[in-house]
Amino acid sequence: MTGLIAFREIVLKVHSRCDLACDHCYVYEHADQSWRGRPKVISPEVVTHTASRLAEHARDHALPSVTVILHGGEPLLAGTARLRFVCEEFTRALAGIAELDLRVHTNGLQLSTRYLDLFAAYGVRVGVSLDGDRAANDRHRRFADGRTSHPLVLAAVELLRSEPYRHLYQGLLCTVDVANDPVAVLDALVELEPPRVDFLLPHATWETPPPRPDGAPDAYARWLLRVFDHWERRERPVPVRLFESLLSTLRGGPSLTESLGLAPTDLVVVETDGTLEQVDSLKSAFEGAAATGFNVFDHTFDQVAAHPGVRARQLGLAGVSDACRRCPVVRSCGGGLYTHRYKADGDTGGGFDNPSVYCADLRELVDGVEARTAPRESAPQLADPAELARAQEDLTRILLARLHEDLAGHPDWARAWELLAEVERAGDAGADAVDAVVDHPFTRTWVLAALDAVRERPVGSGHGDGAPGDGGAPAREAARRLAALTAAAVLRGGLELPAEVTYRDGEVYLPTLGLLRRGEPGADGPAVLRATEDGYAVRDHRAEHRFGPGAGDPRWLPVRTWSPGPDAAPVALEDLDPYRNCFARPPRLRLGAGEAGEWRARLDQAWALLHDTVPEFARAAGAGLTTLTPLAGGPRAGGWGEAGRHGPGALGVPYAAGVRETALALLTGRRRTRLRALTEVTDLYALDGEWQHPSPWRERPVPVSRLLADVHERVAVEAYRRAAALPEPGGADRIHRALDRLSGAAELTSTGKRLVEQLRWELKEAGA
């Protein structure tokens, strides 16, 4: 099964004829006329074999669910007896293997209570084809004698909307015709309150192009953008899958429709005679385009998945033409529907290795939707440091809750967790104290390390060291840290609640507060902490001891702080937390009092230098900075600071750096931490690594993440150097080239593109 797509959706042709004569139908009016030689109605044998094949496929691939779409022609012409047999066979075959999602797509003419009662019994959801108001629908969807079908379709939809059938209503499918009024079409569809609307471009190829009444290459884009604008004015009254797919991909998410995006197709078609075919729209290309040579009697779905035509549609970015790969909107349009790329004498010898016949439309549509929505769709964390901080705080809490799910059964963890909840309930002081310790940068570092360790050796597994089923050393270590974190919250909140901790090797670290030495090196044991009127108290089997701020106790090493300015919040100078080792180089051990004083003096001078030269960048660097950690060794080339891995708000600065180097470390390190924080809570790009981009600073091409990180940092460095009258020759030109490359990068989301715009503005403000 390796390398083969698993089919999660099959289209089952239960009837091969239709009671309408729509002139835009790909089954009857386009190149492939194979329907003429097939049975009108699917046989019981084909149904049974198909159900068995699908069950086999679902079992072999461990699929949680599969979708079966009853289709045609017009599927309701098969009659209730045959449709009931289909529902029964598939329900029986999939029972206990995979959840079955049954759907039917109909023109609605035959829809009545006898069909809907059957569908209600088996949970079959119903989609209806309707092209809008009567004028739009009658343009193509007529009977063979020219009569309108519109009143009958409306009656069917009204029945479907009524109780007790409303829950079966799946949505409406509308084929676009640019001769129709887009506003009237949307209004007519919305009036029917569909759960979803799909707009479908009429199937066409380079050999049979779509009609363009005014000859414009972007007529379909302009039509759809008018629909989009009206949809927006009406405050998006119903989901429209085409638009929601574009918005999803522009944010970095997946495509929601086969006709757009780069996701592989997972659909196979079963004709009324049991023939297994590729996606039905290929019938628009040429006779036999959808054929595989397989059938349900003699072949498995895995054999279909291995067919070259099917595999060609699983290649994602590698499966689109060179022109599409170079296009900045390819993540959203995906090169268009595979069928629409067909050209008999294409640039590479014919076939589907071409842009879509709707290429100009798709480019304008994606650009148009992005231009209209970018300010609203861009992540607010990009422009608002407070939003970014809140998002980071929320992320830490989510991760901590996940760790709790894994360890809730561990008694030590459970006691500490309950006490933490009690502290949070103890008024504003308790809630603020919990916020302070949970938002400590190295809480995130600890939680992620604990999640990795605990999931390798889960509580209850009975494997590893320790008692059977207790989670072993990882669970005990996580419980110790949570107990210490909870005790720190108790002390910060001034609460007299007893908080039990375990000191190891004679010490216990209390996050955000300091290190308490309670015993001799090598000694382990329990102790109880509580707040007192003038500080803190610790009690063990020996006695109670007072310690805390201003006590001058050599057994208590408090976390030192540094103030970036009179109006700024103090920044912790963290050289105690055992989880501070999240930087690219090791941290320094505890600084002596003289060393700490010297470091504060260098930080003061460096901060003043930044405010004198690049005040806007300095203010941005200060936003969200909560913790500085001294790093061992001198500065590397440039003296850059280190963004701690998964430590939001923390920055590592080489202790031995001089004033200028420290200033650059603060500036560039904070740029790194800001970019890292953004990537943790929002998508700036997608498909990172699929393209490689030339970099002005590196010998080999790099992925978009690396290029963006380089530019993001170097804009600040260039601004600093220009302000300090030390510009790097050609530095600004290199940044401009990189920004130009990023502007055309297909990987960037709407938020990523807004970030590039910010960088251009920053560079311009710096005079570069």
Enquirer: Charged N to carboxylate O below 4.0 Å: is that the case for Asp322 and Arg326?
Expert: no

Enquirer: Can you give me the closest heavy-atom contact between Leu495 and Ala426, atom names plus distance?
Expert: CD1-CB, 4.0 Å

Enquirer: Regarding Arg676 and Thr679, is there a side-chain donor-to-acceptor distance under 3.5 Å anywhere?
Expert: no

Enquirer: Give, for atom CD of Glu747 and atom CG of Leu707, the distance between the pair rounded to the nearest 0.5 Å.
Expert: 9.5 Å

Enquirer: Mind running side chain to side chain contact (heavy atoms under 4.5 Å, CB included) on Trp599 and Val653 for me, showing each step along the way?
Expert: CA-CA 10 Å; Trp599 199 40; Val653 176; 4.0 Å; yes

Enquirer: So do the side chains of Leu631 and Tyr655 get within less than 4.5 Å of each other, counting heavy atoms only?
Expert: no

Enquirer: Please assess Thr673 against Arg670 for the test side chain to side chain donor-acceptor pair (under 3.5 Å), listing each intermediate value before the final yes or no.
Expert: CA-CA 5 Å; Thr673 57; Arg670 286 302 292 157; 2.9 Å; yes

Enquirer: Any ion pair linking Arg236 and Glu232 (charged N to carboxylate O, less than 4.0 Å)?
Expert: yes

Enquirer: Salt-bridge test for Arg754 and Glu377: reply yes if a basic N is under 4.0 Å from a carboxylate O, no otherwise.
Expert: no

Enquirer: Between Leu755 and His712, is any pair of side-chain heavy atoms under 4.5 Å apart?
Expert: yes

Enquirer: Does the distance from a Lys or Arg side-chain N to an Asp or Glu carboxylate O, for Arg671 and Glu762, drop under 4.0 Å?
Expert: yes

Enquirer: Does the structure place the NZ or CZ of Arg580 under 6.0 Å from the centre of the six-membered ring of Phe442, at an angle of no more than 45° from the ring's axis?
Expert: no

Enquirer: Does the pair Glu757/Lys753 count as a salt bridge with the N-to-O cut at 4.0 Å?
Expert: no

Enquirer: If every non-hydrogen atom of Ala379 is compared with every non-hydrogen atom of Thr682, which pair is closest and at what distance?
Expert: CB-OG1, 3.2 Å

Enquirer: If you compare all heavy atoms of Pro441 against all heavy atoms of Thr626, which two are closest, and at what distance to 0.1 Å?
Expert: CG-OG1, 3.3 Å

Enquirer: If we ignore angles and hydrogens, is there a donor and acceptor under 3.5 Å between the side chains of Thr662 and Arg602?
Expert: no

Enquirer: Using a strict threshold of under 4.0 Å (side-chain N to carboxylate O), is an ion pair present between Arg397 and Asp435?
Expert: yes

Enquirer: If every non-hydrogen atom of Pro587 is compared with every non-hydrogen atom of Asn581, which pair is closest and at what distance?
Expert: CD-OD1, 3.3 Å

Enquirer: Salt bridge or not for Arg706 and Asp710, using N-O below 4.0 Å?
Expert: yes

Enquirer: What ring-ring contact (aromatic ring centres under 6.0 Å, His included) pairs are there with at least one residue in residues 604-628, not counting sequence neighbours?
Expert: Trp562-Trp607, Trp607-His611

Enquirer: Quick one: which of Leu365, Leu250, Thr749 gives a side chain to side chain contact (heavy atoms under 4.5 Å, CB included) with Glu370?
Expert: Leu250

Enquirer: Any Lys/Arg nitrogen of Arg372 or Asp229 sitting under 4.0 Å from an Asp/Glu carboxylate oxygen of the other?
Expert: yes

Enquirer: Between CG of Leu742 and CD1 of Ile735, what distance do you get to the nearest 0.5 Å?
Expert: 11.5 Å

Enquirer: For the CH2 atom on Trp761, are there more than 12 heavy atoms of other groups (residues, nucleotides or ligands in this structure) within a distance under 6.0 Å?
Expert: no

Enquirer: Between the side chains of Glu507 and Arg517, is the shortest nitrogen-to-carboxylate-oxygen separation below 4.0 Å, so that they form an ion pair?
Expert: yes

Enquirer: Could you tell me whether Glu393 and Arg390 make a salt bridge, using a distance below 4.0 angstrom between a side-chain N and a carboxylate O?
Expert: no

Enquirer: Between the side chains of Arg619 and Glu616, is the shortest nitrogen-to-carboxylate-oxygen separation below 4.0 Å, so that they form an ion pair?
Expert: yes

Enquirer: State the CZ-CG distance between Arg560 and Leu576, to the nearest 0.5 angstrom.
Expert: 7.5 Å

